[in-house]
Amino acid sequence: MEIIEKAPAKINLGLDVLYKRDDGYHELEMIMASIDLADRLTFQPIREEKIIIETNSGFLPTDRKNNIFQAIEAMKKHYNFPGGIHVELHKNIPVAAGLGGGSSDAAATFRGVNRLFSLNATLEDLTQLAIPIGTDIPFCLQGNTALVTGLGEIVTPLTNPIPQCWVVLVKPKISVSTPRVFSKIEAESLSHPNIEKLKASIEKNDYSEMTQYLGNSLEDYTTAKFPVVQHIKDKMIQFGADASVMSGSGPTVIGLCDKYSRALHVANSLKGFCQEVYVVRTLNK
Ligand code: C5P
């Protein structure tokens, strides 16, 4: 018996940092959307009380540091299913990129273990177990396009998904640590995208209005520290993208195009400059 789950990447069309809380976490307002770039996870029950993770990625830990491991442990502790689990992780999403790959793998694990042992856990049950592991996992459990607030745990699906378009992803060869970015920013001095207008434009299915309201409060810090991120943003517009914005805490920059030919042109033009370039579709359920 084996169960296969897809784990789609997410992009932040908008990310606003509202303020820093007393516990050090930040109150956020975000619009997130799933995209057609996904990891694939295969789950098999095994007799031994073990969690075994095999992956094609050379970068990832396969022990307790991995979100998949933590998700299985949380499910085991709560539901006490028999034996262990073998996971095969086929990684397609770039690691530490601002695309939610680790969170989406964890979400796929919650769904997969739920199916594997017919645990009948609800979305709410899985969300509660997911929050301590990572604040992007609640969105990844639902996917599609959503307003995400609180620390990331309050997920409100939009009445319309993101308008169909092409997304160019460019990841420069730098590593950005999310905890470090959040520890360095001063919420008061950041720019604040208009999430309300962004949400309204998506719900009206107005692609061109949506492109005017993309924005990310974390860009100020990451572009100052890594000028290459600003450079990629500028190049995307120069080569014809309708809008560009950094995803999450970076360093991946996304460019939106309504035509495939233009997305290909933007991607090909940036390939000489950056190795990791993808052209993907938005994922509309
Ligand atoms: O939840 P996740 O592991 O993705 O968060 C990584 C780090 O980002 C946290 O340890 C915290 O430092 C920071 N963070 C924050 N406010 C949030 C979400 C994350 O300060 N709402």
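Counting starts at 1 for both ligands and their atoms, following the listed order.
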Novice: Can you find a pair of side-chain heavy atoms, one from Glu2 and one from Glu88, that are under 4.5 Å apart?
Specialist: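 Contact flag for Glu2/Glu88 side chains = no.
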Novice: Which residues satisfy the ring-ring contact (aromatic ring centres under 6.0 Å, His included) test with Tyr260, sequence neighbours excluded?
Specialist: Trp166
Novice: Could you list the donor-acceptor pairs under 3.5 angstrom formed by side chains in residues 154-161, with sequence neighbours left out?
Specialist:
unit_1 : atom_1 : unit_2 : atom_2 : d
Thr159 : OG1    : Glu203 : OE2    : 3.0
Asn160 : ND2    : Glu203 : O      : 3.1

Novice: Rest of the hydrophobic cluster containing Ile46 (Ile/Leu/Val/Met/Phe/Trp/Tyr, side-chain heavy atoms under 4.5 Å)?
Specialist: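 ILVMFWY cluster around Ile46 also holds Ile52.
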Novice: Ligand 1: which residues have a non-hydrogen atom closer than 4.0 Å?
Specialist: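 Residues near ligand 1: Gly24, Tyr25, His26, Leu28, Gly134, Thr135, Leu151, Thr178, Pro179, Phe182.
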Novice: When you measure from the side chain of Tyr207 to the backbone of Asp258, do you find a donor-acceptor pair of N or O atoms at a distance under 3.5 Å?
Specialist: yes
Novice: Parallel, tilted or perpendicular: which fits the ring planes of Phe273 and His231, with parallel below 30° and perpendicular above 60°?
Specialist: tilted
